[in-house]
Trainee: 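I am attaching a structure below and will ask some questions about it afterwards.
Below, all heavy atoms of this structure are taken into account, side chains as well, without hydrogens, waters or symmetry copies. Residue numbers begin at 1 in each chain, while the letters A, B, ... track the order of the sequences.
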Amino acid sequence: MKLLLFSLFREKKRRRVVELTEKMVVDGGSGRTCEWEGRWNHIKKFLERSGPFTHPDFEPSTESLQFMLETCKILVIGAGGLGCELLKDLGLSGFCNIHVVDMDTIDLSNLNRQFLFRPKDVGRPKADVAADFINKFHIIVCGLDSIVARRWMNGMLLSLLVYEDGVLDPGSIIPLIDGGTEGFKGNARVILPGMTACIDCTLELYPPQINFPMCTIASMPRLPEHCIEYVRVLLWPKETPFGDGVILDGDDPEHIQWVYQRSLERAADFHITGVTYRLTQAACATEVFKIASSAYIPLNNYMVFNDVDGLYTYTFEAERKENCSACSQVPLDLHFSPSSKLQEMLDYLTESASLQMKSPAITATVEGKNKTLYLQSVASIEQRTRPNLSKTLKELGLTDGQELAVADVTTPQTMLFRLCFTS
Amino acid sequence: IMAATKASKEQKYDRQLRLWGDHGQESLENAHVCLINATATGTEILKNLVLPGIGAFTIVDGHTVSGEDFLCTLQNRAQAATELLQELNSDVSGNFVEESPDKLLDNDPEFFHRFTIVIGVQLPESTCLRLGSVLWSASVPFLVCKSYGLIGYMRLAVQEHTVIESHPDNALEDLRLYQPFAEFKNHIQSYDLDSMDKKDHSHTPWIIIVAKHLEKWLSEHNCQPPKNYKEKEAFRQFIREGILKNENGVPEDEENFEEAIKNVNTALNPTKIPSAVEDLFNCEQCNITSQSPSFWVMLQAVKEFALKEGNGSLPVRGTIPDMIADSQKFINLQNVYREKAMQDAAAVSKHVERLLQSVGKVCCSHCIANCKHLCWRLGKNAFFLRVVRCRSLAEEYSVDSVNKDEITSSMDNPDSEMVFYLMFRAVDRFYQQHSRYPGVYNYQVEDDISKLKLCVNSLLQEYSLNVNIKDDYIHEFCRYGAAEPHTVAAFLGGSAAQEAIKIISHQFVPFNNTFIYNAMSQTSATLQL
């Protein structure tokens, strides 16, 4: 019990699926109850009384409370600091059917495998299984700490939308409530996929990621952060201090200690001061590179909070982006000259503010056959397709107006682009 | 065991140590917080203080647990809450007093003097004002919090709260390019851009590039730096001409020069003492006595420094942003600023010693070492010093000093958050008259609307407030029936705990003095009442 409380209120993230029972939840469905007099008095006042500021469609009734207690299924993604707060508040507000998922961040391959799939699902397409799982929920609440994971969830919900004769079936909408914090700042927003602005609609407004240029890391460090990055990105893969293929775990003190010591050595070589264990740990947990939904954008359906100086909140309505790469359903055009190299296209996909892909895999239909132009995530294929990067689009057999399919961790669905040759 | 405990604490508190540092954490661990009323809001606030590791808390609450409190126990609420909160962090010591605050004020008002901060939740007006008066006289910060239906409210009452480390979001760098100090000037002289090879030229810090070009500019423009857009544009062009060209006369790719050009806009601002700091210099607290708090002694020392060694400027901050440069050049430049900052801090420290001596306080070597460290921190933050002074509750509530202007001008928009403040005041009156809150039971709602309206009118009349409060808000507050939904309690809990941490640590700037949160529209406002 103590462990449940302790883990519920912050601390280490581990990959687990946790179902809330007993302490905070009434499992109305199975008949097991732990009710007492007056428990839901606070909530009832809002569900059973009319008022001047309620939604025009609202009608006071006792049915809403029953729905919340017995039927409404909520999925909470992320059981870290934010996730725990969310669970507590949802439970204490009367939601009794809550599923919690936590996964380590950045390692996105887990996102679409470990929590969604069960042994019985072997053999079925991943997208189908994911869709089945998520479709059972009425609301999804995210307490994530990476933009990439958010975009994936966003894309997932968009893929579940059902259109009949071009008209969106509101029954297929699963609202996504997203929040994020960073130090003294935070934000919260409501996304109704297919109706309101989605995560990708406002992608350009996120502050740019801090990426140190390789030449600085490799040969001209100036800051303690550069030294740590050198060890993390160059030295670790080279020396594999804990065995072949063992990835740096930001939560493992032994790993951090190793990086810290090497970083000190690097810093000493260049007379740089300021490498501390704390800084090392932050860099290894990729806090420097994670950008929680930041409070820079004021977004009705989007609220921003900053209490560095007094308390500041700002709320406004984020608008849908017409040509949003995730939710606009309009195939995007890619403009390149036939003599552009494939590398240029790759750079565009990763560097463009509106796409910000991580490691896109590009395929196309060339002369009737499906051809992988470049794929990074599988070493053998990467090696085989690497020469394509320095070939021109024309040399690769691509034609004007043809479709390109791009897969990336930032989206569960393959994205379709139309290639438009410029002269 | 000590080392192990310290290491595990470092790990446990890692995320917050990055925000307020070890010294901030130490101030938290020395704090004793008093919470009055362990309601949902109260326990949320305290949870958010227990988790980051305050030293101790004491809950004052005379109520027994009710079904609404989410506990299946027949205990006193103070005791139940204390036990559960203790589980969250074994480093914190929890205490409780099963007594109403009114009783304590009757029998032992000095009970409250021991606390670092007192947080009062869901307090009736009379209790609030009594307690406010005791705490104001004892200079104990008082944070009043209320969660009522979908509205949250906080009021901070502290006479004078000083902040050295305000951690501003966007601060301009302190580069002293316009009037370089001697060591910086010498360092600039050591560069000769014209005789450098390409590698060195492309890896010279932009600060040096701007400095070199500025020297030339000043000699050609009667010692006047570029001021308006036209001049700055010409200066940028001047720098651009300094980019190396290859054998065909085509400019090379020199990112450091591009950085220099980009930074011209902000880098050339003369180093003025910010008006906020000037205002502090003019405060009467700068007349140091043996009772003066250390903040004012240090401020006076900075003022004296500025007049003497600083030549009209504050101590050099000592940090520079990262920039394209080779390691050696960057480190050398960084050290120039760092050493100057240390020098300036030492000079400030000497002023502090002298001031203390002048009021009869002799400094031992330990004090002097501590002072040097504090002055180094002071130097880094000299441009951002802040003092927050709140009006007392007595001033807010008195007919003679009520802030009529703030209220009436806000109510020009009848839906501004100010209306909720007025409703809270009216609800307090209702409680005073009827010994209960409006609309708690369904059958009361309708009748209470007209009763509450009478309270609203009497409030507006007493303070001669010529504003209109829509009936909808009166209806809504009866609908709330003094409910304390958890989501509002949680939001307020987070906000209030954060403000308490600011008060305890003297880092970051607290609000002044009333904060209203509207969970219906997810908006908020800060009012000065």
Trainee: Does the ring center of A:F305 lie less than 6.0 Å from the ring center of B:Y517?
Mentor: no
Trainee: Measuring heavy-atom distances to chain A, does B:V445 have an atom under 4.5 Å in its side chain, in its backbone, in both, or in neither?
Mentor: side chain
Trainee: Just how far is it from atom CD of B:E484 to atom CG of A:N41, taken to the nearest 0.5 Å?
Mentor: 12.5 Å
Trainee: Minimum heavy-atom separation for B:Y480 and A:R49, please, with both atom names.
Mentor: C-NH1, 4.4 Å
Trainee: Under 3.5 Å, is there a donor-acceptor pair between the side chain of B:S327 and the main chain of A:F270?
Mentor: no
Trainee: Name the region of B:M323, side chain, backbone, both or neither, that has any atom closer than 4.5 Å to a heavy atom of chain A.
Mentor: backbone
Trainee: Rounded to the nearest 0.5 Å, how far does CZ of B:F515 lie from OG1 of A:T313?
Mentor: 6.0 Å
Trainee: Apply the test side-chain contact (heavy atoms from CB on, under 4.5 Å) to residues B:Q522 and A:R189: give CA-CA distance (whole Å), side-chain angles for both, the deciding distance (0.1 Å), then the verdict.
Mentor: CA-CA 10 Å; B:Q522 297 288 28; A:R189 59 157 122 184; over 6 Å; no
Trainee: Where does B:N512 contact chain A at under 4.5 Å (heavy atoms): side chain, backbone, both or neither?
Mentor: neither
Trainee: Checking A:K45 side chain against B:G481 main chain: does a donor-acceptor pair fall under 3.5 Å?
Mentor: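 Checked: pair present.
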Trainee: I'd like to verify something: which residue of B:E499, B:K470, B:M520 has the highest number of heavy-atom pairs under 4.5 Å with chain A?
Mentor: B:E499
Trainee: Crowded around A:Q261 CD? As in, over 12 foreign heavy atoms under 6.0 Å?
Mentor: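 Counting neighbours around CD of A:Q261, more than 12 heavy atoms of other residues, nucleotides or ligands fall under 6.0 Å, so yes.
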Trainee: Just give me the residue among B:D326, B:I331, B:V388 that pairs up with chain A most often, heavy atom to heavy atom, under 4.5 Å.
Mentor: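 Highest number of heavy-atom pairs under 4.5 Å: B:I331.
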Trainee: Report the option among B:Q328, B:K502, B:Q16 that has the most heavy-atom pairs separated by less than 4.5 Å from atoms of chain A.
Mentor: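 Highest number of pairs under 4.5 Å: B:K502.
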Trainee: Do the rings of B:Y473 and A:F53 sit parallel, tilted or perpendicular, given the 30° and 60° boundaries?
Mentor: tilted
Trainee: Shortest non-hydrogen contact from A:K88 to B:A490?
Mentor: NZ-CB, 4.1 Å
Trainee: Where does B:D471 contact chain A at under 4.5 Å (heavy atoms): side chain, backbone, both or neither?
Mentor: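 Neither part.
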Trainee: So which residue, A:D89, A:L311, A:I43, A:I272, ends up with the most heavy-atom pairs under 4.5 Å with chain B?
Mentor: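 Heavy-atom pairs under 4.5 Å are most numerous for A:L311.
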Trainee: If you measure from CG on A:L86 to OG1 on B:T487, what distance do you get to the nearest 0.5 Å?
Mentor: 11.5 Å
Trainee: Would you mind checking which part of B:F491 comes under 4.5 Å of any heavy atom in chain A, side chain (CB onward), backbone (N, CA, C, O), both or neither?
Mentor: side chain
Trainee: For A:F46, which atoms come within 4.5 Å of any heavy atom of chain B: side chain, backbone, both, or neither?
Mentor: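 For A:F46, backbone and side chain are both near chain B.
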Trainee: Given that the side chain runs from C-beta out, which part of B:P485 has a heavy atom under 4.5 Å from chain A: side chain, backbone, both or neither?
Mentor: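 For B:P485, heavy atoms of backbone and side chain both lie under 4.5 Å from chain A.
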Trainee: Please say whether more than 12 non-hydrogen atoms of neighbouring residues, nucleotides or ligands are located less than 6.0 Å from CD in B:E446.
Mentor: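 Atom CD in B:E446 is not crowded, with 12 or fewer foreign heavy atoms closer than 6.0 Å.
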Trainee: About how many Å separate CZ of B:R338 and OG1 of A:T273, when rounded to the nearest 0.5 Å?
Mentor: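 So the OG1 of A:T273 and the CZ of B:R338 are separated by 3.5 Å.
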Trainee: Please confirm whether the backbone N or O of B:A325 pairs with a side-chain atom of A:R222, one donor and one acceptor, at under 3.5 Å?
Mentor: yes
Trainee: Find the one option among B:I324, B:T526, B:L156 whose heavy-atom pairs under 4.5 Å with chain A are most numerous.
Mentor: B:I324
Trainee: Start with the C-alpha distance between B:K329 and A:M220, add both sets of side-chain angles, then the distance that settles side-chain contact (heavy atoms from CB on, under 4.5 Å), and finish with yes or no.
Mentor: CA-CA 10 Å; B:K329 291 191 183 63; A:M220 263 189 311; over 6 Å; no
Trainee: B:R479 and A:F58: which non-hydrogen atoms are nearest, and at how many Å?
Mentor: NH2-CE2, 4.1 Å
Trainee: Kindly compute the distance separating NE2 (A:H271) from CG (B:N335), expressed to the nearest 0.5 Å.
Mentor: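 Reported to 0.5 Å precision, the distance equals 10.0 Å.
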Trainee: With a 4.5 angstrom heavy-atom cut-off, could you sort out which part of A:T216 is near chain B: side chain, backbone, both or neither?
Mentor: neither
Trainee: Nearest 0.5 Å please: distance from the CZ atom of B:F330 over to the CG atom of A:L223.
Mentor: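 Taking CZ in B:F330 and CG in A:L223, the distance rounds to 5.0 Å.
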Trainee: In the structure I gave you, are the side-chain heavy atoms of A:E225 and B:D322 within less than 4.5 Å of one another anywhere?
Mentor: no
Trainee: Walk me through it: do A:R278 and B:R18 pass the test side-chain contact (heavy atoms from CB on, under 4.5 Å)?
Mentor: CA-CA 8 Å; A:R278 196 174 293 163; B:R18 294 180 204 173; 4.2 Å; yes
